[in-house]
Amino acid sequence: MLDAKLFRADLQSLANELARRDYVLDIDVVNSLEDRRRDLQTKTQELQNQRNQRSKEIGAAKARGDDIEPLLAEVNDMGDELKRCEHDLAELQGKLQAISLSVPNLLDASVPNGKSEDNNVEVRKWGEPRQFDFDVRDHVDLTSDLSRDGALDFDSGALITGSRFTVMRNEIARLHRALAQFMLNLHTAEHGYTELNVPFIVNSDSLTGTSQLPKFAEDLFALEGDSGYYLIPTSEVPLTNLVRDKILSPDDLPIKMTAHTPCFRSEAGSYGKDTRGMIRQHQFEKVEMVHIVHPEKSWDALEELTGHAEAVLQKLELPYRVMTLCSGDTGFAASKTYDIEVWLPGQDAYREISSCSNCTDFQARRMKSRFRNEDGKTELVHTLNGSGLAVGRTLVAVLENNQQQDGSISIPTVLQPLVGADTILKPTNG
RNA sequence: GGAGAGGUGGCAGAGUGGUCGAAUGCGGCGGUCUUGAAAACCGUUGACGGGUUAAACCGUCCGGGGGUUCGAAUCCCUCCCUCUCCGCCA
């Protein structure tokens, strides 16, 4: 949510700014609603003031023991108009609120203009894609042989649930678990994060706070019944909302949290996309990093956060590149986003494995997350989030990058203690 | 699932229809004292919106929503949450 003052001042430049995202702000509608709101609010407050005055007079008269009947008669018919004004005002404010909840965050000046991911800009590259002297297989071909020791079992996922669900067995399941462990250990031991274990089900206030609602409800899995609960699409939601409706002390900042959770996404509108393998699933696991910071520190924090995600890939010896998302590809709440794309030999391409965003005060304003600043005034914090990393996609990357000619997978050194082996998926016979 | 008790400012905790946005304590901030600090004492200290150069000033907010009333923290309805006891249970 943007500062309401922006909707009252220079609407045209706000509209121009939002146009970078192809978001069309209807200036006339906002203007007319704002005008009516201002008039009605003034009038309502005047009437409220009158009512308060009269009520106090009656109270005082009664305390003195005077006859209050004449005063009561005088004040009798005031209520209707006030009620009407209050009702109309609430309705107007509801409309303005709905608009402001649907407006995306302002982009940082450093974000390049562009329509789609094709216009994202490479910031840096790390590692060299490995040259293979045999035919490269993708993670599906590498793991779908059920006769072998470990497997990615897509058929069973479809059997027990449906499409875009996967069952992992044996060594693959263990490698997956090892990856999540490794990431958590790294972030807590070396990057200064507090580890949290949070609910995987959240209420709509939390989803509104981080801005998945009201606009992106169709991306979520909602629970049946009248609880109003949803499965989390990312642990960004529970982690960030820990500071909802809070006034923090400056000493509390920065807050750096990490958690390993499943993520549930309906993937509405992605029917033909990434249907092969476990790149795009309805359920996947992710180690998330969230920063709650002083507003002046958030841009430094974005670099730091991105570096923490990169550190995971470097220790796993996986080649990647860092991209600045262009204006058209940057998410709703973000002012600026770095995507980290890992090299996938099976796709002969870099694919997103982490997304690190500075949401500035956008989520904080929705959540009313503030701190008491140097002057003793309340001020909105800035929030950041990033994947550190998507575990399933990291699994894919390890499998594809570390494959051997015989179909086995060599395990990165840092994972070997957790996996308990230096090679998995060894052929059982010749 | 059943019974009961509660939800009030950063925290604790009074307040049961009329200057109550709310006593008091803690914490925070400023000061006195002190070489400095602590203690003690004095003062100050809610959030949000409108308004102003700044103030004054006005409005809203006592878990959420609705109602009664000239007037609601206080009464009524409803939902949510917390605690205690019982039952069930990983």
Side-chain angles (χ1 to χ4, degrees), chain A residues 1-9 30-31 33-101 197-209 213-214 222-223 225-230 238 241-253 255 292 294 361 363-381:
Chain A
M1 196 157 69
L2 302 178
D3 190 340
K5 289 193 178 73
L6 291 173
F7 293 94
R8 294 169 197 170
V30 175
N31 261 332
L33 285 173
E34 263 302 326
D35 286 348
R36 282 167 56 207
R37 191 220 96 237
R38 192 177 309 120
D39 290 349
L40 199 52
Q41 188 165 344
T42 310
K43 190 176 171 192
T44 304
Q45 293 187 356
E46 267 168 25
L47 288 170
Q48 286 171 329
N49 184 17
Q50 283 177 32
R51 178 203 59 197
N52 292 345
Q53 303 267 334
R54 300 296 181 81
S55 296
K56 276 181 185 170
E57 282 168 29
I58 292 172
K62 205 173 166 188
R64 271 183 261 114
D66 294 355
D67 180 17
I68 60 168
E69 283 306 321
L71 287 169
L72 283 180
E74 198 183 320
V75 86
N76 233 348
D77 53 341
M78 264 186 59
D80 288 346
E81 196 186 2
L82 176 57
K83 261 194 185 130
R84 205 166 46 243
C85 282
E86 283 177 337
H87 173 268
D88 292 351
L89 181 62
E91 197 176 297
L92 260 181
Q93 283 174 327
K95 283 182 187 165
L96 282 162
Q97 175 79 354
I99 291 174
S100 80
L101 284 174
N197 189 293
V198 291
F200 306 155
I201 296 175
V202 293
N203 59 34
S204 61
D205 284 345
S206 292
L207 287 158
T208 305
L213 289 179
L223 299 199
D226 50 12
S227 68
Y229 292 164
Y230 296 81
N241 274 280
L242 283 167
V243 296
R244 175 154 55 86
D245 290 317
K246 294 270 194 294
I247 299 176
L248 302 164
S249 147
D251 308 337
D252 296 335
L253 304 178
I255 298 172
I292 311 294
H294 189 288
D361 61 7
Q363 294 179 323
R365 186 170 292 106
R366 288 174 167 243
M367 296 190 300
K368 298 182 180 65
S369 300
R370 294 151 292 169
F371 74 105
R372 209 164 285 286
N373 69 15
E374 298 75 8
D375 303 325
K377 304 266 194 210
T378 58
E379 190 176 340
L380 294 168
V381 298

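Here is how names work: the chains are called A, B, and so on, in the same order as the sequence lines, proteins then strands, and each is numbered from 1.
A:Thr44 meets the side-chain hydrogen bond (donor to acceptor under 3.5 Å, both in side chains) test with no other residue; sequence neighbours excluded. Partners of A:Gln48 under the side-chain hydrogen bond (donor to acceptor under 3.5 Å, both in side chains) rule, at least two apart in sequence or in another chain, are A:Glu86. Listed by chain and residue number, A:Asn373 satisfy the side-chain hydrogen bond (donor to acceptor under 3.5 Å, both in side chains) test with A:Glu379 (two or more places apart in sequence, or in another chain). Among residues two or more places apart in sequence or in another chain, the side-chain contact (heavy atoms from CB on, under 4.5 Å) test is passed with A:Leu96 by A:Leu33, A:Glu34, A:Arg37. The side-chain contact (heavy atoms from CB on, under 4.5 Å) check on A:Ala61 picks up A:Arg64, A:Asp66, A:Ile68, A:Leu71, with sequence neighbours excluded. Contacts of A:Ile247 classified as side-chain contact (heavy atoms from CB on, under 4.5 Å), with partners at least two apart in sequence or in another chain: A:Arg370, A:Arg372, A:Thr378. A search for side-chain contact (heavy atoms from CB on, under 4.5 Å) contacts involving A:Leu101 returns A:Met1, A:Gln97, A:Thr208, A:Pro214, A:Arg366, not counting sequence neighbours. Taking A:Gln53 as the reference, A:Asn49 meet the side-chain hydrogen bond (donor to acceptor under 3.5 Å, both in side chains) condition, with sequence neighbours excluded.
Nucleotides B:rG13 and B:rC26, compared at atom P, are 15 Å apart to the nearest Å. When the P atom is used for both B:rG65 and B:rC86, the distance is 36 Å, rounded to whole Å. Taking the C1' atoms as reference points, B:rA90 lies 44 Å from B:rG67, given to the whole Å. B:rC58 and B:rC20: their P atoms are spaced 15 Å apart (whole Å). Rounded to a whole angstrom, the distance from the P atom of B:rG28 to that of B:rA39 is 9 Å. Going from the C1' atom of B:rU16 to that of B:rC75 covers 9 Å, rounded to whole Å. On the P atoms, B:rA73 is 10 Å away from B:rU60, given to the nearest whole Å. For the P atoms, the distance linking B:rG9 with B:rC62 amounts to 10 Å, nearest Å.
Look at A:Asn49 and you won't find any side-chain N or O under 4.0 angstrom from OP1 or OP2 of B:rC58.
A:Lys368 places its NZ atom 14 Å from the P atom of B:rG10, with the value rounded to the nearest Å. We find that CG of A:Asn373 is positioned 14 Å from C1' of B:rC29, with the value rounded to whole Å. Here B:rG63 presents its P atom at 17 Å from CG of A:Asp205, a figure rounded to the nearest Å. The distance from atom CD of A:Gln48 to atom C1' of B:rC61 is 12 Å, rounded to the nearest whole Å. A:Leu248 places its CG atom 21 Å from the P atom of B:rG27, with the value rounded to the nearest Å. Between the P atom of B:rG10 and the CG atom of A:Asp245 lies a distance of 11 Å, rounded to the nearest Å. Rounded to a whole Å, the NZ atom of A:Lys56 is 10 Å from the C1' atom of B:rG18.
A salt bridge links A:Glu81 with A:Lys43: at least one charged nitrogen is closer than 4.0 Å to a carboxylate oxygen. Here A:Asp35 pairs with A:Arg38 in a salt bridge; the nearest charged N to carboxylate O distance falls below 4.0 Å.
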Begin with the C-alpha distance, continue with both residues' side-chain angles, and end with the deciding distance and a verdict on side chain to side chain contact (heavy atoms under 4.5 Å, CB included) for A:Leu2 and A:Ser100.
CA-CA 7 Å; A:Leu2 302 178; A:Ser100 80; over 6 Å; no
A:Leu248 and A:Ile255: side chain to side chain contact (heavy atoms under 4.5 Å, CB included), yes or no, with the steps?
CA-CA 10 Å; A:Leu248 302 164; A:Ile255 298 172; 4.2 Å; yes
Just do the side chain to side chain contact (heavy atoms under 4.5 Å, CB included) check on A:Lys95 and A:Ile99 with the steps written out, would you?
CA-CA 6 Å; A:Lys95 283 182 187 165; A:Ile99 291 174; 5.7 Å; no
Walk me through whether A:Val381 and A:Leu253 qualify under side chain to side chain contact (heavy atoms under 4.5 Å, CB included).
CA-CA 9 Å; A:Val381 298; A:Leu253 304 178; 4.2 Å; yes
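In this structure, B:rG1 forms a base pair with B:rC86, meeting either the Watson-Crick or the G-U wobble geometry with both donor-acceptor distances under 3.5 Å. Under the Watson-Crick and G-U wobble criteria, each requiring two contacts below 3.5 Å, nucleotide B:rA22 is left unpaired. Using N1 to N3 plus N6-O4 or O6-N4 for Watson-Crick, or N1-O2 and O6-N3 for G-U wobble, each under 3.5 Å, B:rU16 pairs with nothing. Across all strands shown, the partner of B:rC61 is B:rG46, judged by Watson-Crick or G-U wobble contacts whose two distances both fall under 3.5 Å. When both distances must be under 3.5 Å, the Watson-Crick or G-U wobble mate of B:rU32 is B:rA40.
With A:Asp361 contributing its side chain and A:Leu380 its backbone, the two residues share no donor-acceptor pair below 3.5 Å.
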Distances under 3.5 Å between nitrogen or oxygen atoms of protein and nucleotides 45-51 of chain B:
residue : atom : partner  : partner atom : Å
B:rA47  : OP1  : A:Arg372 : NH1          : 3.3
B:rA47  : O3'  : A:Arg370 : NH1          : 3.2
B:rA47  : O2'  : A:Arg370 : NH1          : 3.2
B:rC48  : OP1  : A:Thr378 : OG1          : 2.4
B:rC48  : OP2  : A:Thr378 : OG1          : 3.4
B:rG49  : O2'  : A:Gln41  : NE2          : 3.4
B:rG50  : OP1  : A:Arg8   : NH1          : 2.2

Between N or O atoms, less than 3.5 Å apart, protein on one side and nucleotides 71-75 of chain B on the other: list the pairs.
residue : atom : partner : partner atom : Å
B:rG71  : O4'  : A:Ser55 : OG           : 3.0

List every contact pair, protein side and nucleotides 67-69 of chain B side both N or O, where the distance is under 3.5 Å.
none

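In terms of position on RNA chain B, the residue among A:Ile58 and A:Glu86 whose nearest nucleotide sits closer to the 5' end is A:Glu86. Comparing A:Gly59 and A:Thr44 by the nucleotide of RNA chain B that holds the closest heavy atom to each, the one mapping nearer the 5' end is A:Gly59.
Less than 4.0 Å separates RNA chain B from no heavy atom of any residue of residues 90-100 of chain A.
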